[in-house]
Visitor: 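This is the structure, below, for whatever I ask next.
Sequential numbering from 1 along the given sequence is applied to the chain's residues. Side chains are part of it too, since the values below use all heavy atoms of this structure and drop only hydrogens, waters and symmetry mates.
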Amino acid sequence: MARMSKEEAGRAKMLQEIASGKLTPLKAIKLNCLDCVCYDRNEVAKCPSVNCPLHAFRFGRNPYGNELSEEELKNIRNCYEEYRAGEVHG
């Protein structure tokens with residue numbers, strides 16, 4: 001049996017988290033950031049995309065220390081979609 005690469009193992013874990021139904025918005029952001037850098041945690045820490053709306057949340061924690069309102073989550077989702085569509089550059 002072939003050994004899974006770090007990226008394959010990361011994707012498998014991400015799919016498992018999604019299937020579990022326990023994926024919080026912050027976990028989803030953390031997993032997205034890991035996926036973006038091929039599951040290299042060191043690269044998440046060095047992420048140069050400071051204009052990405054998820055940058056501040058990339059470690060799976062809210063840096064502002066408060067619960068995000070539904071409106072804040074909606075704004076993050078919208079900004080992220082714009083970023084992924086190439087309308088905003090990191």
Visitor: Among pairs that include at least one residue of residues 3-31, which meet ring pair (Phe, Tyr, Trp, His ring centres under 6.0 Å), considering only residues two or more places apart or in two chains?
Guide: none

Visitor: Partners of Lys27 by side chain to side chain contact (heavy atoms under 4.5 Å, CB included), sequence neighbours excluded?
Guide: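 Side chain to side chain contact (heavy atoms under 4.5 Å, CB included) list for Lys27, sorted by chain: Glu17, Leu23, Thr24.
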
Visitor: Residues two or more places apart in sequence or in another chain: which of them pass salt bridge (charged side-chain N to carboxylate O under 4.0 Å, His left out) with Glu70?
Guide: Arg77

Visitor: Can you name the closest pair of heavy atoms from Asn62 and Leu26 and give their distance?
Guide: N-CD1, 3.8 Å

Visitor: Please name the pair of heavy atoms, one in Pro63 and one in Ala56, separated by the smallest distance, quoted to 0.1 Å.
Guide: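 Closest approach of Pro63 to Ala56: CG-O, 3.4 Å.
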
Visitor: Could you grab the distance from atom CZ of Arg58 to atom SG of Cys52, nearest 0.5 Å is fine?
Guide: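 With rounding to 0.5 Å, CZ (Arg58) is 9.5 Å from SG (Cys52).
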
Visitor: Tell me, please, which residues at least two apart from Glu8 pass salt bridge (charged side-chain N to carboxylate O under 4.0 Å, His left out).
Guide: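 Glu8: no salt bridge (charged side-chain N to carboxylate O under 4.0 Å, His left out) contacts found.
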
Visitor: What pairs meet the ring pair (Phe, Tyr, Trp, His ring centres under 6.0 Å) rule with one or both residues in residues 34-60, with sequence neighbours excluded?
Guide: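 Non-adjacent pairs meeting ring pair (Phe, Tyr, Trp, His ring centres under 6.0 Å): Phe57-Tyr64.
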
Visitor: When rounded to the nearest 0.5 angstrom, what distance separates CD1 in Ile29 from CG in Asn32?
Guide: 8.0 Å

Visitor: Quick test of your reading: applying salt bridge (charged side-chain N to carboxylate O under 4.0 Å, His left out), list the pairs with at least one residue in residues 40-51, sequence neighbours left out, ordered by first then second residue.
Guide: Glu43-Lys46

